[in-house]
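All remarks here apply to the structure that follows.
What you see is a predicted model; the values in this text were computed from it and never measured.
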Amino acid sequence: MSNHNNYSKSLNIKFGSLNCRYLLKLNNPQLADSFIRYLRSQKCDIFAFQETNIPSLNFSDRTSMLDLKFQCKESIWTSKCGLLNFNNNIHMEMIHKSDDGRFILAKLTVPSEPNLLPLYVLNIYAPADTVPNKTAFYNNLMAYLKSLHDYSDILDRLILAGDFNFQYDLRLPGNFRYKQPTSFVRFTDTFLHDCNNNNYSDPFFETLPTFRRGPVIKTLDYIMVGRQLKNLYFNNNIEYIPNEWTDHALMTVNFKIQL
């Protein structure tokens, strides 16, 4: 139902998330344009981007140009993340942008349905360097979330997406518990459901990789949902796109929200 103004008893939302590894691609504008055309063709209602790497110089002009090229209804940009709304039925309101630009929290409502409970989107791009830096990022993120007066309601209706820059599945080669931000793993295990990798304890379950760079293959990108959205999603997909655009996979999930 993307970009439609008429619906009856439910609202279908296609949600996409992608680490785009430099969205503007300043050294190759034609490549950037083909990339953006491809992303628009996915017809997502809400799109979360990470590693946008938008330069601070002329930031407003650059993001306005991106809005024009994407033809989105609403957008929230930082130097490292972006969150776009393409659905005319949905209103997206920014709740918070972190000072380092590594996460965006937004609220989604349907103005024509004032009794419909809001959805929340948390788009994150975690540091890729040291374990202490990742742990500090996640600790600060959780401290911020827990400071919100409607913390429990947000968690229940939250879509958490992005490049987490660590792997959950301890069975993966080279993956060890000390490489994980322990408190954040415990937090997501307790409150959220992984849409693409939901059974790490099953010895026959195979985690799907989302990052490919030469011989390096990892699962770094995730879409997770809160308790009230767990049974509302379908058609979750991981798509490998041309490496000249990005070495991360495009992740999409569809939601059917009852009105």
Side-chain angles (χ1 to χ4, degrees), residues 1-4 7 10-21 23 34-52 70-72 81-87 89-90 92 104 106 108 119-126 157-169 171-172 188 192-200 202 204-213 216-258:
M1 288 193 60
S2 180
N3 296 315
H4 286 193
Y7 52 86
S10 65
L11 178 66
N12 291 335
I13 298 173
K14 183 178 181 181
F15 181 92
S17 180
L18 177 67
N19 177 317
C20 51
R21 198 185 64 186
L23 184 55
S34 67
F35 188 27
I36 290 173
R37 283 196 299 271
Y38 168 79
L39 295 173
R40 281 179 49 205
S41 75
Q42 300 306 299
K43 299 190 181 302
C44 289
D45 297 283
I46 306 294
F47 221 137
F49 296 120
Q50 307 87 41
E51 202 176 353
T52 50
F70 274 108
Q71 300 179 20
C72 58
C81 293
L83 196 58
L84 275 59
N85 172 24
F86 295 87
N87 191 312
N89 298 314
I90 296 173
M92 181 172 70
I104 298 170
L108 306 180
L119 304 180
Y120 299 89
V121 178
L122 179 58
N123 180 24
I124 69 173
Y125 174 46
R157 298 188 298 279
L158 180 66
I159 303 171
L160 169 62
D163 181 354
F164 292 15
N165 263 316
F166 75 90
Q167 301 188 105
Y168 275 84
D169 195 341
R171 300 169 302 171
L172 296 173
T188 54
L192 300 174
H193 170 79
D194 188 333
C195 293
N196 288 294
N197 306 289
N198 54 16
N199 197 356
Y200 298 111
D202 184 346
F204 300 103
F205 175 77
E206 185 175 351
T207 303
L208 297 173
T210 65
F211 172 81
R212 301 180 298 172
R213 181 179 294 169
V216 180
I217 299 175
K218 293 185 176 182
T219 304
L220 302 176
D221 309 87
Y222 300 85
I223 297 177
M224 298 184 175
V225 295
R227 178 178 58 88
Q228 292 186 16
L229 301 181
K230 181 179 178 180
N231 297 319
L232 301 181
Y233 79 89
F234 61 99
N235 286 350
N236 49 306
N237 187 50
I238 294 177
E239 179 180 348
Y240 303 105
I241 61 181
N243 196 258
E244 63 180 357
W245 285 335
T246 179
D247 42 19
H248 287 255
L250 168 64
M251 306 181 69
T252 55
V253 173
N254 288 72
F255 295 90
K256 187 171 185 179
I257 309 299
Q258 297 303 125

query = Are the side chain of Asn123 and the backbone of Phe49 linked by a donor-acceptor contact shorter than 3.5 Å?
reply = yes
message = Could you tell me if Asn87 and Asp45 have a donor-acceptor pair between their side chains, going purely by distance under 3.5 Å?
response = yes
message = For Lys218, is the NZ atom crowded, meaning more than 12 foreign heavy atoms sit under 6.0 Å from it?
response = no
task = Go through the steps for Asp221 and Phe164 under the test side chain to side chain contact (heavy atoms under 4.5 Å, CB included), then give the verdict.
result = CA-CA 6 Å; Asp221 309 87; Phe164 292 15; over 6 Å; no
task = Working to the nearest 0.5 Å, report the span between CG of Leu11 and NZ of Lys256.
result = 11.0 Å
task = Ignoring hydrogens and angles, state whether a donor on the side chain of Thr207 or Gln167 is under 3.5 Å from an acceptor on the partner side chain.
result = no
task = Looking only at non-hydrogen atoms, find the nearest pair between Ala249 and Leu18 and report the distance.
result = O-CD1, 3.4 Å
task = Say whether, by atom type as modelled, one donor and one acceptor occur between the side chain of Asn196 and the main chain of Tyr222 under 3.5 angstrom.
result = no
message = I'd like to know if the side chain of Glu51 reaches the main chain of Asn19, judged simply by a donor and an acceptor atom lying under 3.5 Å from each other, with no hydrogens or angles considered.
response = no
message = I want to check something: taking the side chain as every heavy atom from C-beta on, are Phe47 and Leu39 in contact at a cut-off of under 4.5 Å?
response = yes
task = Locate the shortest heavy-atom distance separating Tyr240 from Arg212; write the atom from each residue and the value.
result = CB-NH2, 2.8 Å
key: Arg157 side-chain N/O to Val225 backbone N/O, donor-acceptor pair under 3.5 Å   = no
task = Grab the two heavy atoms, one from Thr52 and one from Gly82, that are nearest each other, plus how far apart they are.
result = CG2-N, 4.1 Å
request  = Start with the C-alpha gap between Asp163 and Ile124, add the side-chain angles, then the distance that decides, and say whether side chain to side chain contact (heavy atoms under 4.5 Å, CB included) holds.
outcome  = CA-CA 6 Å; Asp163 181 354; Ile124 69 173; over 6 Å; no
inquiry  = Using only atom types and a distance under 3.5 Å, with no angle test, would you say the side chain of Ser10 pairs donor to acceptor with the backbone of Ile257?
reply    = no
ask   = At what distance, to the nearest 0.5 angstrom, does CE of Met92 lie from CG of Leu119?
value = 13.0 Å
query = Which heavy atom of Pro209 sits nearest a heavy atom of Thr219, and at what distance?
reply = CA-OG1, 3.3 Å
request  = Check Arg21 against Glu244 and note the closest heavy-atom contact, atom names and distance.
outcome  = NH2-O, 3.6 Å
message = Apply side chain to side chain contact (heavy atoms under 4.5 Å, CB included) to residues Leu250 and Ile238 and explain how you reach the verdict.
response = CA-CA 6 Å; Leu250 168 64; Ile238 294 177; over 6 Å; no
ask   = So do the side chains of Asn235 and Asn237 get within less than 4.5 Å of each other, counting heavy atoms only?
value = no
query = Does the side chain of Tyr168 pick up a donor-acceptor pair with the side chain of Thr188 at under 3.5 Å?
reply = yes
query = Less than 4.5 Å apart, any side-chain heavy atom of Tyr233 and any of His193?
reply = yes
query = Would you find a donor on one side and an acceptor on the other, under 3.5 Å apart, between the side chain of Asn236 and the backbone of Cys195?
reply = yes
